[in-house]
Amino acid sequence: RLCSQLRTMGPTRNTVVLALVEPQDTAQLVRALEMGVADYVVKPIDRAELVARVRSQVRRKRYQDRLRQSYQMSIAMAVTDQLTGLHNRRYLSGHLDNLVARANAGGKPVSLMMLDIDFFKKINDTYGHAGGDDVLKEFANRLRRGLRGIDLAGRFGGEEFVVAMPDTDADAAQMVAERLRKFIAEEQFLIQNGARALSVTASIGVTT
């Protein structure tokens with residue numbers, strides 16, 4: 001029952017279980033293996049054997065965890081813009097296609113916001129690409145903080161960003177865009193580890 005419960009809960013699903021079994025209790029051993037026990041030790045317990053088997057399972061578990069983490073990172077990188085941490089253009093395209101299809105099928109309206117950082121080339125020319133990257137990262141942070149929970153923001157490319165707004169009509173989208181425009185412009189952007197502060201504005205277009 002314990003093993004079965006561990007396998008059904010997310011945080012413990014990959015826990016390694018080592019069974020201690022009686023020499024003649026084959027039925028219990030088979031059942032334990034079917035429930036996901038990783039290894040077993042037959043009683044009476046030999047201390048050296050037990051330690052060796054536990055160490056072996058710990059090494060295997062660490063290796064599997066690294067593989068799982070690497071796989072999850074690969075998945076995240078495939079849909080995420082590395083500089084800003086927002087979704088990338090590929091993910092946005094698929095997400096927006098689904099929203100538009102749902103709206104066309106009689107669902108609630110979907111709106112799209114496109115943002116462009118004003119005079120970004122001048123920022124790059126004056127402060128270098130590192131300064132431009134600082135602006136892009138802070139811009140993404142303000143997008144995350146200034147949007148609603150249902151909105152999905154992504155980097156379209158360069159200094160252009162897109163926000164998909166499900167279940168949002170034109171009036172609501174306009175209000176969100178204007179609020180976001182002010183939020184971006186009202187406080188200066190710190191770059192070069194806080195050594196400089198820039199006034200940054202954005203132009204925003206909205207369609208529904």
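Note that the numbering runs from 1 along the sequence shown for the chain. This structure is a prediction, so every number in the text was calculated from the model and none was measured.
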Compare all side-chain heavy atoms of [X] with those of [Y] and state whether any distance is below 4.5 angstrom.
X: Met165; Y: Val163; value: yes
X: Leu190; Y: Arg196; value: no
X: Glu159; Y: Asn124; value: no
X: Arg1; Y: Gln5; value: no
X: Leu143; Y: Leu115; value: yes
X: Leu112; Y: Leu99; value: no
X: Glu138; Y: Glu187; value: no
X: Lys137; Y: Leu83; value: yes

Exercise. With the threshold set at 4.0 Å, does a side-chain nitrogen-carboxylate oxygen contact exist between Arg62 and Asp65?
Worked result: no
Using modelled atom types and a 3.5 Å cut-off, is there a donor and acceptor pairing between side-chain atoms of [X] and backbone atoms of [Y]?
X: Asp151; Y: Arg148; result: yes
X: Arg155; Y: Asp81; result: no
X: Arg7; Y: Gly36; result: yes
X: Thr80; Y: Gln82; result: no

Minimum-distance pair of heavy atoms, taken over all atoms of [X] and [Y]:
X: Ile191; Y: Gly131; value: CG2-O, 3.9 Å
X: Leu92; Y: His87; value: CD1-O, 4.4 Å
X: Lys43; Y: Pro23; value: O-CG, 3.2 Å
X: Ala202; Y: Arg181; value: O-CG, 3.8 Å
X: Ala38; Y: Gln57; value: CB-OE1, 3.4 Å
X: Ala177; Y: Ile204; value: O-CD1, 3.5 Å

I'd like to know whether [atom1] of [X] has more than 12 heavy-atom contacts from other residues, nucleotides or ligands below 6.0 angstrom.
X: Arg89; atom1: CZ; result: no
X: Arg60; atom1: CZ; result: no
X: Glu160; atom1: CD; result: yes
X: Glu186; atom1: CD; result: yes
X: Arg145; atom1: CZ; result: yes

For this session: Measure the spacing between CG of Leu20 and CG of Leu50 and express it to the nearest 0.5 Å.
Result: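 Separation between the atoms: 6.5 Å.
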For this session: Sort and list the pairs that fulfil side-chain hydrogen bond (donor to acceptor under 3.5 Å, both in side chains) and have at least one residue in residues 111-122, not counting sequence neighbours.
Result: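 Counting only pairs at least two positions apart or across chains, the side-chain hydrogen bond (donor to acceptor under 3.5 Å, both in side chains) contacts touching residues 111-122 are Ser111-Thr208, Asp118-Thr201, Asp118-Ser203, Lys121-Asp125.
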For this session: Not counting sequence neighbours, list each pair that qualifies as a side-chain hydrogen bond (donor to acceptor under 3.5 Å, both in side chains) and has a residue in residues 91-108.
Result: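 Every pair satisfying side-chain hydrogen bond (donor to acceptor under 3.5 Å, both in side chains) with a residue in residues 91-108: there are none.
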Would a single hydrophobic cluster contain both [Y] and [X], if residues Ile, Leu, Val, Met, Phe, Trp and Tyr are joined by side-chain heavy-atom contacts under 4.5 Å?
X: Leu152; Y: Val110; result: yes
X: Ile117; Y: Ile184; result: yes
X: Val58; Y: Leu18; result: yes
X: Val17; Y: Leu29; result: no
X: Val54; Y: Val41; result: yes

Exercise. Which residues satisfy the side-chain contact (heavy atoms from CB on, under 4.5 Å) test with Thr12, sequence neighbours excluded?
Worked result: Leu6, Met9, Thr15
Exercise. What residues, two or more places apart in sequence or in another chain, satisfy ring pair (Phe, Tyr, Trp, His ring centres under 6.0 Å) together with Phe139?
Worked result: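 If we apply the ring pair (Phe, Tyr, Trp, His ring centres under 6.0 Å) test to Phe139, skipping adjacent residues, the hits are Phe161.
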Problem set entry | Arg31 vs Gln28, side-chain contact (heavy atoms from CB on, under 4.5 Å): CA-CA, chis, key distance, verdict | CA-CA 5 Å; Arg31 187 178 180 191; Gln28 186 185 39; 5.7 Å; no
Problem set entry | Set of salt bridge (Lys or Arg N to Asp or Glu O under 4.0 Å) partners for Arg90, sequence neighbours left out | none
For this session: Please list all pairs passing the ring pair (Phe, Tyr, Trp, His ring centres under 6.0 Å) test where one or both residues lie in residues 105-133, with sequence neighbours left out.
Result: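 Of all non-adjacent pairs touching residues 105-133, none passes ring pair (Phe, Tyr, Trp, His ring centres under 6.0 Å).
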Exercise. Can you check side-chain contact (heavy atoms from CB on, under 4.5 Å) on Arg142 and Phe189, steps first, answer last?
Worked result: CA-CA 10 Å; Arg142 296 197 190 188; Phe189 283 49; 3.2 Å; yes
For this session: With side-chain contact (heavy atoms from CB on, under 4.5 Å) as the test, would you mind laying out the steps for Ser56 and Asp39 before giving the verdict?
Result: CA-CA 10 Å; Ser56 175; Asp39 201 357; over 6 Å; no
For this session: Under the side-chain contact (heavy atoms from CB on, under 4.5 Å) rule, what do Arg59 and Arg55 come out as? Steps first, then yes or no, please.
Result: CA-CA 6 Å; Arg59 283 196 298 269; Arg55 284 177 175 167; 4.0 Å; yes
